[in-house]
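Taking it in order: structure first as structure tokens, then the write-up.
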Amino acid sequence: MIISASRRTDIPAFFSSWFINRVRCGYCTTFNPFNRKQVSYVSLRPEDVEVIVFWTKNPRPLLPSLRELDELGLRYYFQYTLNGYPQVLETNLPTPGHCVDTFCELSDTIGPQKVIWRYDPILLSNLTDVSYHQERFASLAEGLRRKTKRVVISVVDNYRKAAYNFRRLAEQGVQVQDEVEERQLQQLMRFIVRTAEENGLTVFSCAETLDLEQYGVRRGKCIDDAFIKDVFDTDVTHNKDRNQRAECGCVVSKDIGAYDTCLHGCSYCYAGTLAAGKKNREQHYPDSPSILGRYDAERPDAKREAKPEQLRLL
């Protein structure tokens with residue numbers, strides 16, 4: 001089983017203590033976002049976990065625990081989003097320089113092949129026009145030279161929750177483009193591909209409806225069976241995850257996060273709002289099996305084996 005940690009929230013940044021506690025217990029629980037009475041048991045035992053995919057904008061809180069994951073024999077890689085946007089768009093993130101330093105430290109610790117840079121999503125606005133993205137991407141690519149081998153991009157989608165944030169941005173004088181003009185797309189994509197190649201990077205797209213292959217952008221999978229085989233020599237499922245959008249090529253995984261729990265406050269986020277994240281934070285307990293509340297569940301074969309040992313808190 002592949003563990004996604006997580007598309008729904010930033011577990012390394014905000015729930016690293018909870019995560020490592022659950023690894024020590026050998027399992028966690030997840031609940032149906034629409035019906036919390038439906039609770040699932042998810043094994044985190046090394047023999048049951050093929051790969052863990054971390055999605056994050058700030059993995060620093062998790063760095064001290066990586067050695068423990070390695071000693072347990074757990075395989076993992078990071079999808080590390082680093083855009084360097086103005087603070088009005090990414091409210092609670094460390095500075096771009098700090099994020100680059102963390103990226104480099106992570107890469108030096110686990111290897112550049114296991115840290116994938118996400119310049120994602122590409123948001124065009126009166127603050128972040130094509131020239132802005134060209135300058136920012138070039139600066140970040142140079143700072144991450146030899147620290148990663150691929151970069152993932154996508155053009156922002158106007159999700160329902162993001163649309164709410166966009167309206168609030170408009171009140172602050174930030175006008176987000178609803179659609180990208182063909183001229184802008186051509187200019188920016190060709191620049192990104194050329195700049196990436198100059199820095200030893202291959203560009204992949206993520207769940208993109210636009211045709212970016214004509215500019216040299218490869219169609220990508222964030223949870224990629226071929227990538228996992230190449231990096232970890234591990235065969236995983238080749239089946240597409242039907243719970244994701246039609247444009248998403250990711251293979252099947254189990255997500256252990258929860259929506260509306262992130263505290264980064266990014267204005268383009270589809271997984272929740274900052275206000276909801278702050279409110280739901282009150283329901284988080286580092287010693288709980290579930291990331292919110294206290295939802296537990298027995299493993300299917302619990303009658304044949306002893307229950308996990310008592311949780312050792314950080």
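A quick note: this is a predicted structure, and the numbers were derived from the prediction, not measured. Any value given below was found using the heavy atoms of this structure, including those in side chains, with hydrogens, waters and symmetry copies removed. Numbers here simply count residues along the sequence, with the first being 1.
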Indicate yes or no: at least one non-hydrogen side-chain atom of L185 is less than 4.5 angstrom from one of L212.
yes
Between SG on residue C248 and NZ on residue K221, distance to nearest 0.5 Å
9.5 Å
Linking I/L/V/M/F/W/Y whenever their side-chain heavy atoms sit closer than 4.5 Å, directly or via other members, would F15 and L66 fall into one cluster?
yes
Does any non-hydrogen side-chain atom of L62 lie less than 4.5 Å from one of Y76?
no
Looking at every heavy atom in both A5 and I52, which two are closest together, and how far apart are they?
CB-CG2, 4.2 Å
Can you establish whether the number of heavy atoms outside E182 located under 6.0 Å from its atom CD is more than 12?
yes
Taking the inter-plane angle between the rings of F137 and W117 on a 0 to 90° scale, is it parallel (under 30°), tilted (30 to 60°) or perpendicular (over 60°)?
parallel
Measure from the side-chain N and O atoms of D241 to the backbone N and O of C250, and report whether any donor-acceptor pair falls under 3.5 Å.
no
Main chain of E135, side chain of S139: is a donor-acceptor contact present, judged purely on distance under 3.5 Å?
no
So how far is it from R145 CZ to C104 SG, rounded to the nearest 0.5 Å?
12.0 Å
Looking at R168, I'd like to know if its CZ atom is crowded, meaning that more than 12 non-hydrogen atoms belonging to other residues, nucleotides or ligands lie closer than 6.0 Å.
no
Checking side chain to side chain donor-acceptor pair (under 3.5 Å) against S6, which of T261, D255, T56 comes through?
D255
Sequence neighbours excluded, which residues qualify as side-chain contact (heavy atoms from CB on, under 4.5 Å) partners of D235?
K229
To the nearest 0.5 Å, what is the distance between NE2 (H98) and CZ (R60)?
4.5 Å
Group every Ile, Leu, Val, Met, Phe, Trp and Tyr by side-chain heavy-atom contacts under 4.5 Å, then state whether V51 and Y80 land in the same group.
no
Which class fits the ring pair Y119 and Y85: parallel under 30°, tilted 30 to 60°, perpendicular over 60°?
tilted
Strictly distance-based, threshold 3.5 Å: is any side-chain N or O of N32 a donor or acceptor partner for the main-chain N or O of K37?
no
Side-chain donor-acceptor pair present, D296, Y27, cut-off under 3.5 Å:
yes
Any side-chain to backbone donor/acceptor pair from D120 onto V152? Under 3.5 Å, distance only.
no
For K149, what residues pass the salt bridge (charged side-chain N to carboxylate O under 4.0 Å, His left out) criterion, not counting sequence neighbours?
none
Test your reading of the model: is there a side-chain donor-acceptor pair from E68 to the backbone of S65, 3.5 Å cut-off?
no
Would a single hydrophobic cluster contain both L63 and L74, if residues Ile, Leu, Val, Met, Phe, Trp and Tyr are joined by side-chain heavy-atom contacts under 4.5 Å?
yes
More than 12 non-hydrogen atoms from neighbouring residues, nucleotides or ligands closer than 6.0 Å to CD on E247, yes or no?
yes
Does the side chain of I291 reach to within under 4.5 Å of the side chain of I11, using non-hydrogen atoms?
yes
Pair S253-V53, side-chain contact (heavy atoms from CB on, under 4.5 Å): steps then yes or no
CA-CA 9 Å; S253 65; V53 184; over 6 Å; no
Using side-chain heavy atoms (C-beta onward) and a distance below 4.5 Å, is P96 in contact with R136?
yes
Can you check side-chain contact (heavy atoms from CB on, under 4.5 Å) on R8 and D260, steps first, answer last?
CA-CA 8 Å; R8 300 170 180 172; D260 286 317; over 6 Å; no
For the pair T128 (side chain) and L123 (backbone), establish whether a donor and an acceptor sit closer than 3.5 Å, ignoring hydrogens and angles.
yes
Full working for side-chain contact (heavy atoms from CB on, under 4.5 Å) between H133 and F191
CA-CA 10 Å; H133 282 287; F191 177 87; over 6 Å; no
Please check if L93 and V100 belong to a single hydrophobic cluster, counting links between Ile, Leu, Val, Met, Phe, Trp and Tyr side chain heavy atoms closer than 4.5 Å.
no
For E213 and S205, run side-chain contact (heavy atoms from CB on, under 4.5 Å): C-alpha distance rounded to whole Å, both residues' side-chain angles, the deciding distance at 0.1 Å, then the answer.
CA-CA 9 Å; E213 291 182 278; S205 64; over 6 Å; no
Counting N and O atoms only, with roles assigned by atom type, does the side chain of T148 sit under 3.5 Å from a partner on the main chain of V115, one being a donor and the other an acceptor?
yes
Partner residues of R294 under the side-chain contact (heavy atoms from CB on, under 4.5 Å) criterion, sequence neighbours left out:
Y285, D287, S288
So the ring pair (Phe, Tyr, Trp, His ring centres under 6.0 Å) pairs with at least one residue in residues 203-239 (sequence neighbours excluded) are Y77-F227
Hey, does Y270 have a side-chain heavy atom less than 4.5 Å from the side chain of R7?
yes
Side chains of V156 and L124 in contact at under 4.5 Å (non-hydrogen atoms)
no
Could I get the full list of side-chain contact (heavy atoms from CB on, under 4.5 Å) partners for Q187, not counting sequence neighbours?
V130, Q134, R183
Keeping S107 on the side-chain end and F103 on the backbone end, is there a donor-acceptor pair under 3.5 Å?
no
Would you give the length of the straight line joining atom CG of L201 to atom CD1 of I116, rounded to the nearest 0.5 angstrom?
11.5 Å
For V42, which residues count as a side-chain contact (heavy atoms from CB on, under 4.5 Å) partner, sequence neighbours excluded?
M1, I3, C28, T30, K254, I256
Could you tell me whether Q214 atom CD has more than 12 heavy atoms of other residues or ligands within 6.0 Å of it?
yes
Identify the two heavy atoms, one from A13 and one from P61, that lie closest to each other, and give their separation to 0.1 Å.
O-CG, 3.5 Å
What's the separation between atom OH in Y132 and atom CG in L127, rounded to the nearest 0.5 Å?
8.5 Å
Just by modelled atom types, is the V174 backbone N or O under 3.5 Å from a matching donor or acceptor in the S125 side chain?
no
Between D230 and A226, is there a donor-acceptor pair closer than 3.5 Å when you use the side chain of the first and the backbone of the second?
no
So which heavy atom on P94 is nearest to which on C99, and how close?
O-SG, 3.7 Å
Side-chain contact, heavy-atom cut-off 4.5 Å: C269 with H264?
no
Between T195 and A138 the two heavy atoms that sit nearest each other are CG2-CA, 3.9 Å
Mark yes when over 12 heavy atoms from residues, nucleotides or ligands other than Q87 sit less than 6.0 Å from its CD; otherwise mark no.
no
If you compare all heavy atoms of I122 against all heavy atoms of L188, which two are closest, and at what distance to 0.1 Å?
CG2-CD2, 3.8 Å
Report yes if the side chains of V151 and L144 come closer than 4.5 Å at any heavy-atom pair, otherwise no.
no
Distance in Å, H284 NE2 paired with S290 OG, rounded so as to fall on 0.5 Å steps:
9.5 Å
What heavy-atom pair brings C262 and D10 nearest, and what distance separates the two atoms?
SG-CB, 4.3 Å
Check for me, please, whether V49 and V231 land in the same ILVMFWY cluster - side-chain distances under 4.5 Å, paths through other members count.
no
